[in-house]
Amino acid sequence: MNIAILGVGLIGGSLALCFKGKPGITVVGYSPNEASTIKYVARGVVDKATTSLEEAVIDADVIFVCSPVGLLDNVLSELRALPLRRGCVITDVGSTKASVTRKARELAWEGIHFIGGHPMAGSERSGVEAASTLLFENAYYVLTPENDVDEEAYERLVQLLQYTRAHIIRLDPVEHDRVVGAISHLPHIVASALVNQVKKYNDDNDMYVHLAAGGFRDITRIASSDPVIWSDILLNNREVVLELLADWKHSVENWMETLEKEDGERIREAFKESGDFRSRMPERRKGVLHSLYDLHIEVPDTPGIIGKIATLLGNHQLNLSNLQIIESREDVPGVLRLSFRQEKDWEQSNELLTAMGYNVFV
């Protein structure tokens, strides 16, 4: 089986690593930038790489289009002009599915199968340097075939994606965009709006930025997402997002009415309802918003304490990706936040530090 990866970054590179080296599989990476193709091969992510789109896809059995959402239509049009192998499956990894599926239908391929895809996993890092075979493990990987899809082609793609160790979910493209719009696209807008609102207050009083650290920073972290990528996503899914924003506006108006009436019972009911629903969500399964594997530890303000903890983790081969002192004052325990890229390192560090007598909390 020949697999072409168009765009070997975090997602494309991680897919390539999942497939590379498997029996009978050859992975070809494509980039118009020669320096990128050299890097792909040097890092061992693909078997070979090329700057020629035709060379990359001419013998491909499966093509993964890992371009930004805003470029997907153009890439599909370019592929339509090439003599692809009959029976080839084309899939993408974008976070919106209705528009790209519609574009593929308009191109009216014969003997070529388009099946939209959305691996719901990510990382705070980007680029091929961040690619990992573990990126999709235990994550949901959504496939969005149309009703008239060739089932044999669909099953071939499903079987190939077993190498990612992700959970494959089948959804209608329109349903996908509504669900992901609510759990990802709307939260990004809310986070950005909230941060910008506080920023305006901070223009007149810089205490906002000082006191907004910690929890506020955590719950609004997605406000720092890539502006270009999110411009493409939100405009692509704008009809769904506009409907969601109308519902959000109604929710805000309900909260305003509740506070104006000083309705404590209604406040309690709202938090109980949201708490009950949130408790049903999986704690550590990967989702469309990538998880943070953080531990918080109370530590005394004494020389060498941070080095002692970092050394302890290092001696046990536990990969710490970042650390931050949230608060540390004389004679007052500070709070040290430890961040991990892998859940297994997070779990083992929690067990180790607790056993060593540290007060650890999540």
Side-chain angles (χ1 to χ4, degrees), residues 1-94 100-101 103-119 126-133 135-136 141 143 150 152-154 156-164 229 232:
M1 177 181 286
N2 295 319
I3 298 174
I5 309 285
L6 313 185
V8 190
L10 171 65
I11 300 296
S14 296
L15 285 168
L17 287 173
C18 288
F19 305 141
K20 186 173 180 290
K22 299 302 186 293
I25 292 181
T26 300
V27 182
V28 179
Y30 163 78
S31 171
N33 186 323
E34 184 176 4
S36 295
T37 62
I38 294 172
K39 180 168 60 175
Y40 302 159
V41 175
R43 295 186 67 86
V45 178
V46 298
D47 294 302
K48 53 185 178 180
T50 177
T51 58
S52 167
L53 180 61
E54 181 171 0
E55 182 182 345
V57 302
I58 193 70
D59 293 321
D61 298 290
V62 182
I63 300 171
F64 287 87
V65 183
C66 303
S67 306
V69 167
L71 299 178
L72 287 176
D73 284 4
N74 291 338
V75 175
L76 290 186
S77 295
E78 290 181 44
L79 290 175
R80 183 65 180 85
L82 297 175
L84 303 181
R85 172 176 287 183
R86 188 170 184 83
C88 174
V89 174
I90 301 174
T91 186
D92 73 310
V93 297
V100 69
T101 301
K103 178 64 177 180
R105 189 189 319 124
E106 291 172 356
L107 293 174
W109 263 300
E110 286 189 16
I112 306 298
H113 313 287
F114 178 81
I115 301 171
H118 180 195
S126 61
V128 68
E129 295 80 5
S132 168
T133 56
L135 184 67
F136 310 110
Y141 198 122
L143 294 178
D150 183 296
E152 186 275 333
Y154 176 79
R156 273 193 286 130
L157 180 57
V158 169
Q159 288 303 312
L160 176 63
L161 290 174
Q162 298 304 313
Y163 287 121
T164 67
I229 290 175
D232 287 346

**Student:** Run the numbers on Asp47 and Val28 for side-chain contact (heavy atoms from CB on, under 4.5 Å), then give the verdict.
**Tutor:** CA-CA 6 Å; Asp47 294 302; Val28 179; over 6 Å; no
**Student:** Indicate the atoms forming the closest heavy-atom contact of Ala56 with Thr50, along with that distance.
**Tutor:** CB-CG2, 3.7 Å
**Student:** For Val158, is there any backbone N or O sitting under 3.5 Å from a side-chain donor or acceptor partner on Gln162?
**Tutor:** yes
**Student:** Just wondering, do Phe114 and Leu107 contact through their side chains at under 4.5 Å, heavy atoms?
**Tutor:** no
**Student:** Please round to the nearest 0.5 Å and tell me the distance separating atom CD of Glu54 and atom CG of Asp59.
**Tutor:** 10.0 Å
**Student:** When rounded to the nearest 0.5 angstrom, what distance separates CZ in Phe19 from OG1 in Thr26?
**Tutor:**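 That separation rounds to 13.0 Å.
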**Student:** Does a side-chain heavy-atom distance below 4.5 Å link Pro119 with Thr164?
**Tutor:**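 No - every pair of side-chain heavy atoms lies 4.5 Å or more apart.
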**Student:** In the structure I gave you, are the side-chain heavy atoms of Tyr163 and Ile25 within less than 4.5 Å of one another anywhere?
**Tutor:**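 Heavy-atom side-chain distance check passes, below 4.5 Å.
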**Student:** Step by step, work out the side-chain contact (heavy atoms from CB on, under 4.5 Å) result for Val128 and Arg43.
**Tutor:** CA-CA 9 Å; Val128 68; Arg43 295 186 67 86; 4.1 Å; yes
**Student:** Can you list everything that forms a side chain to side chain donor-acceptor pair (under 3.5 Å) with Asn2? Sequence neighbours excluded, please.
**Tutor:**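 Checked Asn2 against side chain to side chain donor-acceptor pair (under 3.5 Å); zero matches.
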**Student:** Got a second to check how far Glu78's CD is from Leu71's CG, nearest 0.5 Å?
**Tutor:** 9.5 Å
**Student:** With sequence neighbours excluded, give me every salt bridge (charged side-chain N to carboxylate O under 4.0 Å, His left out) pair touching residues 13-40.
**Tutor:**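 The answer is Lys39-Glu129.
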**Student:** List the atom of Arg156, the atom of Gly87, and the distance in Å for their closest heavy-atom pair.
**Tutor:**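 That would be NH2-O, 2.9 Å.
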**Student:** To the nearest 0.5 angstrom, please state how far the OG atom of Ser31 sits from the OH atom of Tyr40.
**Tutor:** 4.0 Å
**Student:** Minimum heavy-atom separation for Val93 and Cys66, please, with both atom names.
**Tutor:**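 Minimum heavy-atom separation between Val93 and Cys66: CG2-CA, 3.6 Å.
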**Student:** Taking all non-hydrogen atoms of both residues, which atom of Arg85 and which atom of Ala60 are closest, and how far apart?
**Tutor:**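 Nearest pair, atom of Arg85 first, then Ala60: CB-O, 3.7 Å.
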**Student:** Quick one, Leu135 and Leu17 - any side-chain contact, counting heavy atoms below 4.5 Å?
**Tutor:**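 No, side chains not in contact.
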**Student:** Is the shortest side-chain heavy-atom distance between Leu160 and Asp61 below 4.5 Å?
**Tutor:** no
**Student:** Considering all heavy atoms of both residues, which atom of Gly117 and which atom of Leu143 are nearest to each other, and what is their separation?
**Tutor:**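 For Gly117 versus Leu143, the nearest heavy atoms are CA-CD2, 4.0 Å.
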**Student:** Rounded to the nearest 0.5 Å, what's the gap from CD1 on Ile112 to CZ on Arg86? Could you check?
**Tutor:** 7.5 Å
**Student:** Got a second to check how far Asp92's CG is from Thr101's OG1, nearest 0.5 Å?
**Tutor:**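 Result: 7.0 Å between the selected atoms.
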**Student:** Say whether, by atom type as modelled, one donor and one acceptor occur between the side chain of Thr91 and the main chain of Phe64 under 3.5 angstrom.
**Tutor:** no
**Student:** For Val27, which of Ile5, Val8, Leu15 qualifies under side chain to side chain contact (heavy atoms under 4.5 Å, CB included)?
**Tutor:**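 Exactly one candidate clears the test, Ile5.
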**Student:** Considering non-hydrogen atoms only, spot the tightest contact between Leu10 and Ser14 and give its length.
**Tutor:** O-OG, 2.6 Å
**Student:** Output, in order, the C-alpha distance, side-chain angles, deciding distance and verdict of side-chain contact (heavy atoms from CB on, under 4.5 Å) for Ile63 and Leu84.
**Tutor:** CA-CA 10 Å; Ile63 300 171; Leu84 303 181; 4.2 Å; yes
**Student:** Are any of the side-chain heavy atoms of Trp109 and Leu76 separated by less than 4.5 Å?
**Tutor:**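 A side-chain contact under 4.5 Å exists here.
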**Student:** With a 4.5 Å limit on heavy-atom distance, are the side chains of Leu79 and Leu53 in contact?
**Tutor:** yes
**Student:** Flag the pair Val57 / Ile90 as yes when at least one side-chain heavy-atom distance between them is below 4.5 Å, and no otherwise.
**Tutor:**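 Heavy-atom side-chain distance check fails, nothing below 4.5 Å.
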